[in-house]
Enquirer: 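Dropping the structure in here first, questions after.
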Amino acid sequence: MSAKHKPRRILFAIGVSQLVLGTLLGCLYFEHVRGVIPFGSSANIDHLRDYYYVKVREAPYGLLAWRTLDKTLHAIGARRLAFLFMLVFLAWLIALLVGRTKAPRLMAVLVITPLVVGFAAAVFQCYASISNTGPITVNWASTQQTIDGFGAASGGNVPMLTAAQMDFFYTDAGIHLKFIRLDIYPDLADCNANEGSGHCVNVSSGATLAAADLANAQAAVARGALVWASEWSPPGSMKSNRKFLTGGAMENGTGNVNFTALAAIQVSFVNLMTGTYGIPIYAISVQNEPDVSTRYPSCTWTAQQIHDYVPYLSTALASAGYSSTKIMIAEPGTWENIYATTAMNDATVAADIGILAAHDYSGSAAPLSYNNITTQHQWQTKVSDLDPYDASIASGLTYATMIHDWLTIARVNSWQYWLLSGQDEFTDNEGLAGPGGNLAKRAHTFGNFSRFVQPGWIVVGVTNKTRLLVSAYKSPTSGAAIVVVNNGWTARNQVFSVGTTMGASVISWVTSSSSNLATQTPVAVSSGSFTYTIPASSVVTCSASATAP
């Protein structure tokens with residue numbers, strides 16, 4: 001290589017390195033700036049982030065690349081990356097001076113680069129100043145929705161869990177969920193075909209369920225939980241493909257005969273659970289994911305079919321003496337309302353509906369609007385991911401952020417994960433517990449909400465100009481809690497203005513890379529405020545000491 005070309009090549013290599021570092025720095029800032037730039041009273045930059053990144057997350061290679069980049073950025077950190085950026089800039093400057101080469105274009109870039117670095121530094125400085133502005137104030141009088149509770153599913157995919165596992169999921173020894181979700185099988189033959197012979201509750205006729213689901217439901221109810229259930233697929237005879245085990249579309253049948261028959265099946269499930277096993281059914285979901293036809297038991301419905309079926313189920317439940325069992329629609333796989341709007345547009349049908357539900361496998365947290373809302377509550381009833389098993393705090397923060405957004409932006413009354421445990425069947429993140437029954441951090445960050453925000457508690461307003469995600473809740477009688485999600489890499493000493501609602505002191509529970517709902521020393525409330533240090537990459541729940549669980 002000619003000596004005179006070495007400086008140019010060195011400069012080129014350094015320039016490319018700085019470009020890469022600059023891109024990473026931009027990604028780092030964009031990914032974690034959430035909540036700083038408001039778009040309206042309740043929206044935030046997540047809407048832009050989802051717009052740009054949701055498609056790449058849905059593509060297998062794009063998803064892998066995004067997660068790799070995201071974890072790399074978390075590992076390096078903003079400050080270190082900024083320093084590295086500036087060191088490369090200085091190395092470039094030295095190389096240019098030592099090389100004494102005439103490089104007009106490189107000189108132009110060199111002139112621009114300090115401006116870019118300065119801009120990046122200004123952004124971070126601005127971001128820091130915005131993030132450090134004033135106390136976080138809880139507005140206890142600004143009441144929002146009532147919480148029904150949190151939950152997860154057994155759903156034909158979870159083995160019979162141990163007493164210790166159920167204590168973790170359904171008592172204050174762990175995360176104290178309120179709901180367990182079950183899978184309805186139309187009959188014993190269909191259950192055996194999917195679960196395997198001998199793995200189903202033996203019935204002579206009517207609906208049934210997996211034996212492990214029954215055992216888990218009994219254990220959950222013994223610990224104070226409520227049970228609800230979804231139909232994954234009607235009998236094959238009611239579907240376009242005539243197969244229970246795979247996809248197909250729902251058929252009404254002549255004179256809607258299939259609606260009558262399916263309502264009888266779903267009522268038989270309520271009767272089996274209530275009459276035989278003493279387990280009341282809180283709600284029946286007409287169909288799990290009516291927008292999905294796939295390789296496992298599933299079935300698509302139209303919005304009109306859901307509208308037409310609800311009165312059949314309502315009449316059947318009332319005739320059997322189960323009018324208190326709520327009817328849930330429509331549970332599509334994405335956060336949308338299109339499968340429920342036809343039913344809700346009809347005031348007569350809407351009156352039969354108790355819960356409006358959807359899943360969060362796609363879409364941003366946003367309120368779903370319906371006509372004829374009276375007493376109906378809105379639930380997010382299923383979410384997880386298929387990435388390789390991740391027990392880390394990164395996964396825990398991801399789902400804590402989702403819970404925060406769905407409670408404070410979408411304003412749901414209940415947020416529920418997919419499976420309690422994926423220990424015998426899955427090597428991904430479909431369960432709160434993974435391979436071997438090992439509890440992932442997301443189970444504990446879920447508990448930062450579910451253990452302390454109990455059914456009947458009310459979401460209240462929060463004035464927050466920091467980058468922390470903060471939500472607050474109060475009991476209708478006594479008790480209050482604040483949940484803080486810190487997605488940042490540094491600890492934050494934060495003042496909370498809470499008035500007299502939290503009493504004389506607060507006690508906190510921390511979930512981080514090194515702690516799982518770890519109890520902290522109580523902190524005094526003085527003149528209506530208290531100060532607490534929120535650890536980096538953590539979820540913290542602050543509860544009134546006098547009423548803490």
Side-chain angles (χ1 to χ4, degrees), residues 58 60 63 151-160 180-201 207-214 216-217 228-251 258 262 265-266 269 284-302 305-306 328-335 339 357-362 380-389 416-435:
E58 291 172 355
L63 180 61
S154 187
N157 293 282
V158 178
M160 187 173 76
I180 185 169
R181 180 192 191 197
L182 305 178
D183 180 356
I184 302 171
Y185 282 101
D187 56 39
L188 183 60
D190 286 335
C191 186
N192 284 335
N194 196 52
E195 297 287 338
S197 182
H199 293 283
C200 299
V201 175
T208 189
L209 72 164
D213 280 2
L214 175 60
N216 291 336
W228 65 281
S230 297
E231 189 87 49
W232 254 252
S233 173
S237 61
M238 299 182 186
K239 296 161 64 177
S240 58
N241 63 356
R242 301 295 181 261
K243 296 178 181 179
F244 169 76
L245 291 175
T246 58
M250 180 66 184
E251 293 183 343
N258 286 345
L262 183 59
I265 288 170
Q266 294 181 344
F269 179 82
I284 289 289
S285 172
V286 169
Q287 172 66 48
N288 173 70
E289 296 179 348
D291 52 338
V292 174
S293 174
T294 188
R295 56 180 176 78
Y296 53 76
S298 52
C299 184
T300 58
W301 290 55
T302 66
Q305 285 177 313
I306 292 172
M328 178 190 294
I329 65 170
E331 287 203 278
T334 59
W335 187 248
Y339 285 88
H359 298 171
D360 177 26
Y361 285 106
S362 180
Q380 189 290 122
T381 51
K382 186 181 177 187
V383 67
S384 64
D385 65 81
L386 305 180
D387 296 337
Y389 180 64
Q416 305 197 24
Y417 201 77
W418 172 208
L419 296 175
L420 290 167
S421 177
Q423 63 195 62
D424 284 358
E425 191 170 345
F426 302 104
T427 57
D428 51 24
N429 300 306
E430 293 185 68
L432 294 171

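Only heavy atoms go into these numbers, but all of them, side chains included; no hydrogens, no water, no symmetry mates.
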Enquirer: Nearest 0.5 Å, please: how far is NZ in K243 from OG in S237?
Expert: 14.5 Å
Enquirer: Can you see whether S230 engages N288 through a side-chain donor-acceptor pair at a distance of less than 3.5 angstrom?
Expert: no
Enquirer: Give a yes-or-no answer on whether the side chains of E331 and Q287 include a donor-acceptor pair shorter than 3.5 Å.
Expert: no
Enquirer: Using a 4.5 Å cut-off on heavy atoms from C-beta on, say whether the side chain of P235 contacts that of P186.
Expert: yes
Enquirer: Is it the case that the side chain of N241 and the backbone of T246 share a donor-acceptor pair, with hydrogens and angles ignored and the cut-off at 3.5 Å?
Expert: yes
Enquirer: With a 4.5 Å cut-off on side-chain heavy atoms, are W418 and Y361 touching?
Expert: yes
Enquirer: Distance from N192 atom CG to D187 atom CG, nearest 0.5 Å?
Expert: 9.0 Å
Enquirer: Could you verify whether a donor N or O on one side chain and an acceptor N or O on the other, from T334 and H359, lie under 3.5 Å apart?
Expert: no
Enquirer: For L209, does its backbone N or O pair with a side-chain atom of D213 as donor and acceptor, under 3.5 Å?
Expert: no
Enquirer: Check whether any side-chain N or O of T208 sits under 3.5 Å from a backbone N or O of V201 as a donor-acceptor pair, and report yes or no.
Expert: yes
Enquirer: State whether the side chain of K239 and the backbone N or O of T300 hold a donor-acceptor pair below 3.5 Å, judged by distance alone.
Expert: no
Enquirer: Using modelled atom types and a 3.5 Å cut-off, is there a donor and acceptor pairing between side-chain atoms of N258 and backbone atoms of E251?
Expert: yes
Enquirer: Any idea which heavy atoms bring I284 and Q266 closest together, and the distance?
Expert: CG2-OE1, 3.8 Å
Enquirer: For the backbone of D387 and the side chain of N429, can you confirm whether one donor and one acceptor N or O come within less than 3.5 Å of each other?
Expert: yes
Enquirer: Indicate yes or no: at least one non-hydrogen side-chain atom of Y417 is less than 4.5 angstrom from one of V383.
Expert: yes
Enquirer: Once rounded to the nearest 0.5 Å, what's the spacing between atom CD of Q380 and atom CD of Q416?
Expert: 8.0 Å
Enquirer: Please report the shortest heavy-atom distance between G248 and S293, naming the atom on each side.
Expert: N-OG, 2.9 Å
Enquirer: Counting only N and O atoms by type, is there a donor-acceptor contact under 3.5 Å from the side chain of E425 to the main-chain atoms of V158?
Expert: no
Enquirer: Could you tell me which non-hydrogen atom of S154 sits nearest to which non-hydrogen atom of L419, and how far apart they are?
Expert: O-CD2, 3.7 Å
Enquirer: Would E231 and Y185 count as a side-chain hydrogen bond (donor to acceptor under 3.5 Å, both in side chains) here? Give the steps.
Expert: CA-CA 7 Å; E231 189 87 49; Y185 282 101; over 6 Å; no
Enquirer: With the side chain counted from C-beta on, respond yes when T427 and Y389 share a heavy-atom pair under 4.5 Å apart, and no when they do not.
Expert: no
Enquirer: Out of curiosity, I184 CD1 to F269 CZ, how far, rounded to the nearest 0.5 Å?
Expert: 5.0 Å
Enquirer: Quick check: do I265 and M238 have side-chain heavy atoms less than 4.5 Å from each other?
Expert: yes
Enquirer: Please check this pair: side chain of D428 against backbone of F426, looking for a donor-acceptor N/O pair closer than 3.5 Å.
Expert: no
Enquirer: If you round to the nearest 0.5 Å, how far is OG of S285 from CE of M328?
Expert: 5.5 Å
Enquirer: Would you call Q423 and P435 a side-chain contact if the rule is heavy atoms closer than 4.5 Å?
Expert: no
Enquirer: Does T294 reach the main-chain N or O of Y296 with its side chain, forming a donor-acceptor pair under 3.5 Å?
Expert: no
Enquirer: Determine, stepwise, if the pair W228 / L182 fulfils side chain to side chain contact (heavy atoms under 4.5 Å, CB included).
Expert: CA-CA 6 Å; W228 65 281; L182 305 178; over 6 Å; no
Enquirer: Once rounded to the nearest 0.5 Å, what's the spacing between atom CG of N157 and atom CG of D183?
Expert: 7.5 Å
Enquirer: Only pairs at least two apart or in different chains count here, so list each salt bridge (Lys or Arg N to Asp or Glu O under 4.0 Å) that has a residue in residues 285-294.
Expert: E289-K382
Enquirer: Could you tell me if Y339 and T302 have a donor-acceptor pair between their side chains, going purely by distance under 3.5 Å?
Expert: no
Enquirer: Using modelled atom types only, decide if a donor and an acceptor are shared between the side chain of S240 and the backbone of A249 within a distance under 3.5 Å.
Expert: yes
Enquirer: Check L188 against C200 and note the closest heavy-atom contact, atom names and distance.
Expert: CD1-CB, 3.8 Å
